[in-house]
Protein chains: 2
Amino acid sequence: MNFQQLRYVRETVRRGLNLTEAANALCTSQPGVSKQIRELENELGFEIFVRHGKRIASLTEPGKAVLGIIERVLQEMENLKRAASDFRDQDAGPLTIATTHTQARYSLPRVVSEFKRRYPKVHLTMQQGRPPQLAEMVLAGTADIAIATEALDHYPGLLALPGFSWKHCVVVPPTHPLNKFAPLTLDALARHPIVTYDPGFAGRSNIDAAFAERGLAVDVVLAAIDADVIKTYVELGLGVGIIPAMAYDPRRDPHLRALDCSHLFRTNTTRVAVKRGSLLRGYTYAFIEIFAPALTRKQVDLALADESEQFQL
Amino acid sequence: MNFQQLRYVRETVRRGLNLTEAANALCTSQPGVSKQIRELENELGFEIFVRHGKRIASLTEPGKAVLGIIERVLQEMENLKRAASDFRDQDAGPLTIATTHTQARYSLPRVVSEFKRRYPKVHLTMQQGRPPQLAEMVLAGTADIAIATEALDHYPGLLALPGFSWKHCVVVPPTHPLNKFAPLTLDALARHPIVTYDPGFAGRSNIDAAFAERGLAVDVVLAAIDADVIKTYVELGLGVGIIPAMAYDPRRDPHLRALDCSHLFRTNTTRVAVKRGSLLRGYTYAFIEIFAPALTRKQVDLALADESEQFQL
DNA sequence: GACGCTTACGTTCGTCGTAACTATT
DNA sequence: AATAGTTACGACGAACGTAAGCGTC
């Protein structure tokens with residue numbers, strides 16, 4: 001029994017029980033993977049995979065149980081290597097942030113530049129995706145932390161901590177009739193075509209909820225995954241935009257007016273998520289703290305320690 | 001980086017930083033251990049051990065940190081093997097109980113015989129020792145569970161669950177003056193020489209506490225580690241015995257009389273301890289449940305899950 | 001017939017044990 | 001002088017990649 005065998009099993013499962021793909025992902029030969037897995041099964045005394053002839057069809061019951069333990073072993077190995085890197089050079093190494101366009105574009109620039117100033121030797125990578133993808137990246141170890149407003153708190157394998165709160169704002173062209181309509185109401189909004197985020201992005205859930213509670217049907221004529229696209233189409237007169245307030249800047253967006261709608265939609269909370277049981281490098285804590293000063297290393301460790309208790313903002 | 005290297009490091013630490021002993025314990029050559037550890041250090045990029053010339057003196061700071069992770073990795077490996085055994089044959093395998101003489105002699109016989117009847121294929125081993133030794137055995141993985149009245153709940157690495165409660169009783173020869181002295185008082189007891197357990201055994205702490213609270217000095221003329229020795233010397237007239245009530249049997253002990261002292265000493269709780277983070281075989285749960293029917297598999301798992309909460313009797 | 005897992009085989013690399021060496025106490 | 005750790009070396013075995021074989025879909 002060795003680490004290779006465990007890694008092979010994990011990768012095979014991750015690649016949809018396809019040995020060939022697993023072998024490619026691990027940069028090794030496919031027969032090698034096959035043989036090592038058979039040897040592990042042999043040593044354990046039962047088969048991990050259900051085979052139909054020569055095809056791998058599914059996991060056996062013992063296989064499922066054993067897989068969980070295997071993932072924990074490999075997680076700890078990962079932690080060991082990370083701890084070692086941390087001791088070798090506290091301030092150098094890789095850091096991968098998985099986030100949405102909105103965060104990358106509007107909330108993270110100041111964080112990243114401050115972080116880069118403090119940790120110039122860290123190799124920072126940003127990955128974009130939908131919130132569930134971001135969560136999967138962190139779970140798979142492809143990314144160290146995920147930052148998004150939606151979905152992150154639905155994964156038991158993740159610890160999602162509240163980073164900051166924000167409100168939506170409504171954006172319209174300067175000549176739009178809603179400009180004279182203050183204070184804004186949901187009913188007034190619902191009378192216009194809406195341009196906003198795709199479901200599953202940046203507080204879209206709170207928008208839908210607000211209209212649904214009032215029994216209003218909304219005409220979303222365009223759903224985008226980033227505020228820049230939304231603003232562009234609002235400028236073209238396609239409809240009324242609903243975007244995070246932080247995405248409106250009067251200087252950069254001279255062709256738009258922002259209308260206060262803080263009373264219409266619930267406050268959104270952007271969260272930062274890390275994988276439970278994974279060791280964080282010193283500079284990863286630092287990044288989180290720059291992002292949300294309340295999330296000190298101590299706070300994060302505390303939240304990681306008691307799994308049951310949820311951190312309250 | 002491989003398992004061997006990690007095992008070598010752990011064993012070296014356990015054996016007091018002595019490579020030779022570690023090599024013996026692991027049934028391998030000492031140069032092999034030396035080389036593997038050096039290679040691990042090389043791969044990690046720092047030294048785990050502080051060396052004075054060629055002697056290993058202590059652990060480096062990174063070494064201490066890394067050791068914790070190493071122990072977790074190996075623990076999970078251990079769990080993997082155990083899970084595999086469990087799947088291969090649910091009802092066969094080893095089970096090592098670390099306990100004190102008193103438990104082995106008076107509370108466990110019925111448990112063991114019932115367990116043996118239900119799981120004839122399990123190879124049961126009993127280890128005796130002082131409570132702290134029992135705790136260490138479980139922590140080191142030498143024993144699966146520890147059963148004792150003292151000390152087990154002082155180890156953060158262990159989960160100590162209350163098994164059953166019991167009271168002391170006083171034993172005297174049939175002609176002893178205390179036979180006519182009812183109800184018994186601490187002051188009356190303190191006027192006689194006492195024969196009882198060694199400190200650190202079977203509720204001795206509660207005995208000492210009771211006398212200390214009343215400001216009484218006790219003359220313990222003989223301190224033994226088992227009730228049989230105590231009873232023998234009480235029969236010889238050496239003094240008054242204080243033993244667990246369960247250790248007195250009127251048929252087996254015709255030369256002794258038992259006196260009620262349940263009002264004098266606090267109730268004792270015998271605990272069963274398992275290592276946190278270790279996987280228990282199915283029959284291990286069964287043993288615990290036979291020992292204390294309230295400790296079902298569900299209860300034990302629950303207690304293992306939330307580390308913070310202490311199980312209340 | 002294409003894809004995917006297994007078997008076979010030769011090379012390479014890593015691991016282990018013995019023996020000799022060196023440093024510490 | 002004895003104990004403890006490192007270096008050196010040779011033998012064995014494990015792991016890998018290539019190539020061929022065989023079952024499914």
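To find a chain, count down the sequence lines: A is the first, B the second, and so on, and within it residues start at 1. As the structure is a prediction and not an experimental result, all values here were calculated from the model.
Ion pair B:K121/B:D91 not flagged as a salt bridge, since none of the NZ, NE, NH1 or NH2 atoms sits closer than 4.0 Å to an Asp/Glu carboxylate oxygen. Contact check on B:D226 versus B:R105 returns no salt bridge, with no Lys/Arg side-chain nitrogen under 4.0 Å from an Asp/Glu carboxylate oxygen. The residues A:R15 and A:E11 are annotated as salt-bridged, a charged nitrogen and a carboxylate oxygen being separated by less than 4.0 angstrom. Taking the charged nitrogens against the carboxylate oxygens, A:E289 and A:K298 have no contact shorter than 4.0 Å, which rules out a salt bridge. A salt bridge links A:D198 to A:R130: at least one charged side-chain nitrogen sits closer than 4.0 Å to a carboxylate oxygen.
Of all the residues in residues 41-65 of chain B, B:R51, B:K54, B:R55 reach under 4.0 Å from DNA chain D with at least one non-hydrogen atom. Of the residues in residues 22-31 of chain B, those placing a heavy atom less than 4.0 Å from an atom of DNA chain D are B:Q30, B:P31, in numerical order.
One interatomic measurement links the two molecules: CZ of B:R15 to P of D:dG5, which rounds to 14 Å at whole-angstrom precision. For the pair B:R38 CZ and C:dG14 P, the interatomic distance rounds to 19 Å; values are reported in whole Å. Rounded to whole angstrom, the span from the CG atom of B:L6 across to the P atom of C:dT15 amounts to 12 Å. If you measure from atom NZ of B:K35 to atom C1' of C:dT15, you get 7 Å, rounded to the nearest angstrom.
A close approach under 4.0 Å does not occur between any side-chain nitrogen or oxygen of B:Q4 and OP1 or OP2 of C:dG14. OP1 or OP2 of D:dT6 lies within a sub-4.0 Å distance of a side-chain N or O belonging to B:S34. A:N2 has no side-chain polar atom (N or O) that falls below the 4.0 Å cut-off from OP1 or OP2 of D:dA14. Residue A:Q36 places at least one side-chain N or O under 4.0 Å from the OP1 or OP2 atom of D:dC16. Close to C:dC16, at under 4.0 Å from its OP1 or OP2, lies a side-chain N or O of B:Y8.
Nucleic acid contact class of B:E21 (heavy atoms, under 4.0 Å, all strands): none. Within the 4.0 angstrom heavy-atom criterion, no nucleotide atom of any strand lies near A:I37.
No donor-acceptor pair under 3.5 Å is formed between the side chain of A:T96 and the backbone N or O of A:T125. For the pair B:Q103 (side chain) and B:I147 (backbone), a donor-acceptor distance under 3.5 Å is absent. B:R276 contributes a side-chain N or O that, together with a main-chain N or O of B:P156, makes up a donor-acceptor pair within less than 3.5 Å.
When only modelled atom types and interatomic distance are considered, A:Q4 and A:R7 share a side-chain donor-acceptor pair under 3.5 Å. In the model, B:S205 has a side-chain atom that pairs as donor or acceptor with a side-chain atom of B:E150 under 3.5 Å.
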Verdict with reasoning, B:L19 to B:Y8, per side chain to side chain contact (heavy atoms under 4.5 Å, CB included) = CA-CA 9 Å; B:L19 284 197; B:Y8 287 2; over 6 Å; no

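Comparing the end axes of the helix from C:dG1-D:dC25 to C:dT25-D:dA1, each fitted to five base pairs by superposing C1' atoms of four pairs onto the next four, gives an inter-axis angle of 30° (nearest 10 degrees).
At least one test fails for A:R204 against the ring of A:Y197: distance under 6.0 Å to the centre or angle within 45° of the axis.
Here the nucleotide nearest the side chain of A:N18, chosen from C:dT15, C:dG4, D:dT7, is C:dG4.
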